[in-house]
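Heads up: the structure comes next, in structure tokens.
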Amino acid sequence: MRERGAEFLSGGVMSAGDDIAHPASYIFYSGPREIFDAHADLLRRLSPQEYLGVDDGLAQIFYQALLTIFHPWLLAFDQATAVIERSGHDVARFVPFAIRSSAAFPHFMPNSPGRMPLADGRIRRA
């Protein structure tokens, strides 16, 4: 399409449910910087922006990678609440602890076993 004069940016919408205006929502963009810059004001009205670089596919790669984290988490949360419910206990009492526990998850990411980030962004395998 570029050979025919079209401009292209790739995007990946990270939203809290279907609400792109939610404070936790944002949109990944990738593609030519000059195209992003030319349309940034218009795009900013949709949701906060995260420009990742010129590689057209990078926005989709980050989007898919985050869904790879999110979907198992969602399944695990469903299973955890099922355990509480099946044991005859109150799920509403459990949920605040699940939220509290999830606050620790980011602390495991930077130094997760076998995937140590190097200064240049590559991953050293253990």
List in chain and number order the residues that pass ring pair (Phe, Tyr, Trp, His ring centres under 6.0 Å) with Phe8, two or more places apart in sequence or in another chain; answer none if no residue qualifies. none
In chain order, what residues pass the ring pair (Phe, Tyr, Trp, His ring centres under 6.0 Å) check against Phe97, with sequence neighbours excluded? none
Check for a donor-acceptor pair, side chain of Ser10 on one end and backbone N or O of Gly57 on the other, with a separation under 3.5 Å. no
Give a yes or no on whether the backbone of Gly53 and the side-chain of Ser30 come within a donor-acceptor separation of less than 3.5 Å. no
Sequence neighbours left out, what passes salt bridge (Lys or Arg N to Asp or Glu O under 4.0 Å) with [X]? Give chain and number order.
| X | value |
| --- | --- |
| Asp41 | Arg44 |
| Asp78 | none |
| Asp55 | none |

Could you tell me which residues satisfy side chain to side chain contact (heavy atoms under 4.5 Å, CB included) with Ile20, sequence neighbours excluded, listed by chain and number? Val13, Ser15, Leu46, Ser47
Suppose we screen for side chain to side chain contact (heavy atoms under 4.5 Å, CB included). Which residues come up paired with Val95, at least two apart in sequence or across chains? Phe77, Val91, Ile99
Residues 6-28 vs salt bridge (charged side-chain N to carboxylate O under 4.0 Å, His left out), sequence neighbours excluded, gives none
Residue pairs, two or more places apart or on separate chains, that pass salt bridge (charged side-chain N to carboxylate O under 4.0 Å, His left out) and touch residues 96-107: none
Hydrophobic cluster membership, Ile27 vs Leu43, 4.5 Å side-chain cutoff: yes
Decide whether Tyr26 and Leu52 are clustered together by the hydrophobic rule: side chain heavy atoms of Ile, Leu, Val, Met, Phe, Trp, Tyr closer than 4.5 Å, transitively. yes
Where do Ala103 and His107 come nearest, in terms of heavy atoms and distance? O-CD2, 3.8 Å
At their closest point, which heavy atom of Ala40 faces which heavy atom of Gln49, and how far apart are they? O-NE2, 2.6 Å
Which donor-acceptor pairs under 3.5 Å do side chains of residues 59-69 form with protein atoms, sequence neighbours excluded?
| from | atom 1 | to | atom 2 | distance (Å) |
| --- | --- | --- | --- | --- |
| Gln60 | NE2 | Gly11 | O | 2.5 |
| Thr68 | OG1 | Gln64 | O | 2.9 |

Side-chain heavy atoms under 4.5 Å apart, restricted to Ile/Leu/Val/Met/Phe/Trp/Tyr: what other residues fall into the cluster of Leu42, or is it alone? none
Under 3.5 Å, which donor-acceptor pairs do the side chains of residues 31-38 form with other protein atoms, sequence neighbours left out?
| from | atom 1 | to | atom 2 | distance (Å) |
| --- | --- | --- | --- | --- |
| Arg33 | NE | Asp37 | OD1 | 2.9 |
| Arg33 | NE | Asp37 | OD2 | 3.4 |
| Arg33 | NH2 | Asp37 | OD1 | 3.3 |

Rounded to the nearest 0.5 Å, what separates atom OG1 in Thr81 from atom CZ in Arg86? 10.5 Å
